Amino acid sequence: MSAGADALRAEIVRASRALGAPADVAPLLERPRDPAFGDWATNVAMVLAKPLGQKPRDLAQRLIDTMDRNVAGISSAEIAGPGFINFRLDAGTVARGITALLADGEHFGRAATGAGSPVVVEFVSANPTGPLHVGHGRQAALGDAISSLLEWTGWRVSREFYYNDSGVQIENLALSTQARVRELGGAPLQIPEGGYHGAYIAEIAGRYVAEHPDDAAGNDLDALRRFAVQELRKEQDLDMQAFGVKFETYYLESSLYTDGRVERTVEALRANGHTYEKDGALFLRTTDYGDDQDRVMRKSAEKGGTFTYFVPDVAYHVTKWERGYTRAINVQGADHHSTVTRVRAGLQALGVGIPQGYPEYVLHQMVTVMRGGEEVKISKRAGSYVTVRDLIDEVGRDAVRYFFLMRKGDSQLSFDVDLARSQSEENPVYYIQMAHARLANIFRVGGIDPSAIDATQVDFGQLALVEETELMKALLDFPAIVAGAAEALEPHRVATYLHDTAGRIHLWYHKAHVLNEPEPLMNARLVLARAAQQVIRNGLTMLGISAPERM
RNA sequence: GCGCCAGUAGCUCAGUUGGAUAGAGCAACAGCCUUCUAAGCUGUGGGUCGGGGGUUCGAUUCCCUCCUGGCGCGCCA
């Protein structure tokens, strides 16, 4: 699909095999850095030189002689350097590609690779103990974009938010709220060890008292817990709404206890003989599955006798499998990477047919926040952090999303709040949106209905500028970029591509006038403008960023 | 000490799974608005791809080793 590469590759394979190459030959086709080398290049002659016992350049020549140029859709093939073969695409191949692009419209870039298979993407999954901070923001942007990429490539995606709404931290939340309620009643503030100090707790306490006049003393810890969790979930939902992220499903950790899944999981692991008791605690032999030490599942009586967090986590992942998700992807901060081995080990030990690499993990490195030239120490307990909402209010949803997506997840990210705000007008996302708006403006000024543009009636030979041929080829790369990004679960590839393509659009826009040109030229350029606009819009939409018609 | 991630231009980062002369943005400097948006465009300068070995036609990319930074290594979550 991408600029005729598939047909070309198939023809290279055919020619290679005709010359004696093994059946599994998979020639690498790539875009040369320097466009002067042509549109596509392959190293297949160098790869096959040794197995076939021939000199690379001789082999390259024989390959070229064997290939059918019409079938491959190329106008020329040249040997270069140690044995590269550089191909130049037939102009008709590009024209057909752009015509197909317009016909596909908002579907251009989609693929059926996933064949409608179900996949659950879990992300954010915050404890309901405070507002969502920048780290969650990165995770939300990543998780949503990955989900979107999978949808574009044919998967049936469910975005899922797992609430860790039980355990010690929730108890601390209840106690912290209680302390604030009692403070309102005139008692001295005594936030417990491990409690939460943020001002939002005081606000929740205020609302609690207003809605529970009968418990102004804050004696009903159970009611306090439920109220605080409910309030914080509401807040987190609003944060995600402001960010434009929608989850299909929410899963409560507490439900795993109430419906007995945690108990059943432990019993199953026991029955399978993967556990043992030591010092009064129940251990899982995770070392059988690559862990460096066995892990406690149930604490000893002195420590409370409760389950450690990873037990419900295993039970939770069993439900993903049982709910029919043959593929599961978890987007998490790298500080949780030790859970990967543990959860997978638990699932393997259950022996219920869950594959070894289940679930897949996308770990992103930490976000540090710079403000006033200094790093803001993020601590929910101390109440100092920068929330997702702060960022959105300061620099806008689109810019925040792009900022989080423009770089690889596995490099650390320093979010300078002051810089993001002061540079909001120079943020790369505006550069991309501007390209889209400029193209839209051409249609607006010309009084042209872009959806009525017909590529089948234009003379593509009119598009002779280097900027035009390069732009067309870049546009046709889009499906391959999407496919690669989806397979690698790396949305930043789309972000990088969009920025690069926006640059080509600005360049072309500056060089080539569209309206009021002779009709054949104007019509051809309108097609190109429409095609470029479509690709930018599809890419931005995929990343959850708006594509404005004017700015 | 062990494990995971990273180290590329002054700064923030890409680099198509091993290719040809390593690229963008910002910052710096010099230019371009009577024509569809100057949130744009053109040009200039800027590099020991952390160091050292190895693998091969060819390494920023793969392997080994060392250095630096982040994260993790709990009967916390």
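What you see is a predicted model, and the numbers here were worked out from it, not measured in a lab. Sequence lines set the chain letters: A, B, ... in the order given, protein chains first and strands last, and positions in each chain run from 1.
- A donor-acceptor contact under 3.5 Å links the side chain of A:Tyr309 to the base of B:rA77.
- No contact: A:Ala49 has no heavy atom under 4.0 Å from any strand.
- Taking only side-chain nitrogens and oxygens, A:Tyr431 comes nearer than 4.0 Å to OP1 or OP2 of B:rC41.
- Judged by atom type and distance alone, A:Asn86 reaches the base of B:rA20 through a side-chain donor-acceptor pair under 3.5 Å.
- The aromatic rings of A:Tyr251 and A:Tyr162 sit tilted, their planes meeting at an angle between 30° and 60°.
- Contacts of A:Lys278 with the nucleic acid, taken as non-hydrogen atoms under 4.0 Å apart, include base atoms.
- Among residues two or more places apart in sequence or in another chain, the ring-ring contact (aromatic ring centres under 6.0 Å, His included) test is passed with A:Phe403 by A:Phe415.
- With sequence neighbours excluded, the residues satisfying side chain to side chain contact (heavy atoms under 4.5 Å, CB included) with A:Glu171 are A:Leu221, A:Arg225.
- Contact annotation: A:Arg295 side-chain N/O to B:rG74 OP1/OP2 distance is not under 4.0 Å.
- The stretch residues 523-531 of chain A has no heavy atom under 4.0 Å from RNA chain B, so no residue of it qualifies as close.
- Look at the C1' atom in both B:rU61 and B:rA20: the space between them is 15 Å, to the nearest Å.
- Taking only side-chain atoms of A:His499, from C-beta outward, the nucleotide of B:rA24, B:rC5, B:rC41 with the closest atom is B:rA24.
- The residue A:Pro82 sits close to a base: some heavy atom pair falls under 4.0 Å.
- Using modelled atom types, one finds no donor on one side chain facing an acceptor on the other under 3.5 Å when comparing A:Trp40 with A:Glu30.
- To the nearest whole angstrom, the two C1' atoms, one in B:rC49 and one in B:rU8, are 4 Å apart.
- Residues from residues 395-411 of chain A with heavy atoms under 4.0 angstrom of RNA chain B, sorted by number: A:Arg407, A:Lys408, A:Asp410, A:Ser411.
- At the heavy-atom level, A:Gln293 lies under 4.0 Å from the strands shown only through sugar-phosphate atoms.
- For B:rA39 and B:rA27, the P atoms lie 15 Å apart once the distance is rounded to whole Å.
- You can call A:His513 stacked on the base of B:rC36; the centres are under 5.5 Å apart and the planes sit within 30°.
- Between the CG atom of A:Leu489 and the P atom of B:rU17 there is a distance of 17 Å, given to the nearest Å.
- One can find a donor-acceptor pair under 3.5 Å joining the base of B:rC75 and the side-chain atoms of A:Ser300.
- Ion pairing between a basic and an acidic side chain is recognised when a charged N comes within 4.0 Å of a carboxylate O; A:Arg407 and A:Asp410 show no such pairing.
- With hydrogens and angles left out, the side chain of A:His337 and the base of B:rG3 share a donor-acceptor pair within 3.5 Å.
- One N or O donor and one acceptor, one from the side chain of A:Asn43 and one from the base of B:rG19, sit under 3.5 Å apart.
- Within 6.0 Å of atom CD in A:Glu549, more than 12 heavy atoms from other residues, nucleotides or ligands are found, so the atom counts as buried in its surroundings.
- In this structure, A:Arg233 satisfies the cation-pi test against A:Tyr163, with its NZ or CZ atom closer than 6.0 Å to the six-membered ring centre and inside 45 degrees of the ring normal.
- Consecutive pairing runs in RNA chain B reach the stem threshold at B:1-7 with B:67-73, B:10-13 with B:23-26, B:28-32 with B:40-44, B:50-54 with B:62-66, where a stem means at least three Watson-Crick or G-U wobble pairs with distances under 3.5 Å.
- Put simply, A:His364 has no side-chain N or O that comes within less than 4.0 Å of OP1 or OP2 on B:rC71.
- Residue-level contact check: A:Tyr509 touches the bases, meaning some heavy atom is under 4.0 Å from a base atom.
- Shown here are the side chain to side chain contact (heavy atoms under 4.5 Å, CB included) partners of A:Asn538, two or more places apart in sequence or in another chain: A:Glu106, A:Phe108, A:Trp152, A:Phe478, A:Gln534.
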